Amino acid sequence: MIKITGTNTYIDVAIDDRTVRISGEMIIGGFVCYKSSMTNWLIPENVPLTEDDKKEIIQKVTEKTAGSHMVITFE
């Protein structure tokens with residue numbers, strides 16, 4: 001299960017019992033996330049993300065928001 005919440009400057013992505021905060025910016029029709037801000041899990045605190053973690057997060061967020069009113073992309 002994935003849950004996405006946030007503000008106009010970041011999103012929090014909760015996957016199972018882990019959460020990551022990803023910086024970015026609100027744009028018309030969506031949100032652009034900065035991959036470079038994906039360094040550590042928010043929960044569990046300060047645990048580094050692996051490259052596989054990052055790929056999984058990007059894939060799940062992209063799939064969940066594709067075709068929605070709030071498309072989330074990564075750069």
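This is a predicted model, so every value here is computed, not measured.
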Among Glu56, Glu63, Lys55, the one residue meeting side chain to side chain donor-acceptor pair (under 3.5 Å) with Gln59: Glu63
In one Ile/Leu/Val/Met/Phe/Trp/Tyr side-chain cluster, 4.5 Å: Met70, Val20: yes
Hydrophobic cluster identity match, Met26 and Tyr34, side-chain contacts under 4.5 Å: no
Ion pair Lys3/Asp12, N-O distance below 4.0 Å: no
Distance, nearest 0.5 Å, that separates CG of Asp53 from CH2 of Trp41: 5.0 Å
Flag side-chain contact, heavy atom, 4.5 Å: Ile15 against Met1: no
Cluster check Ile58, Val13: I/L/V/M/F/W/Y, side chain < 4.5 angstrom: yes
ILVMFWY network linking Leu42 to Tyr10, side-chain heavy atoms under 4.5 angstrom: no
Trace of the side-chain contact (heavy atoms from CB on, under 4.5 Å) decision for Val61 with Ile2: CA-CA 8 Å; Val61 168; Ile2 181 172; 3.8 Å; yes
Main-chain N/O of Ile72 paired with Thr65 side-chain donor or acceptor, under 3.5 Å: yes
Rounded distance (nearest 0.5 Å) linking atom OG1 of Thr7 with atom CD of Glu25: 12.0 Å
Separation of Lys35 NZ from Ser23 OG (nearest 0.5 Å): 15.0 Å
Transitive ILVMFWY side-chain link Leu49 to Phe74, under 4.5 Å: yes
Distance, nearest 0.5 Å, that separates CZ of Arg21 from CD1 of Ile43: 9.0 Å
Distance (rounded to the nearest 0.5 Å) between Ile22 CD1 and Cys33 SG: 5.0 Å
Reported OG1-to-CD1 distance for the pair Thr19 and Ile57, which is rounded to 0.5 angstrom: 9.5 Å
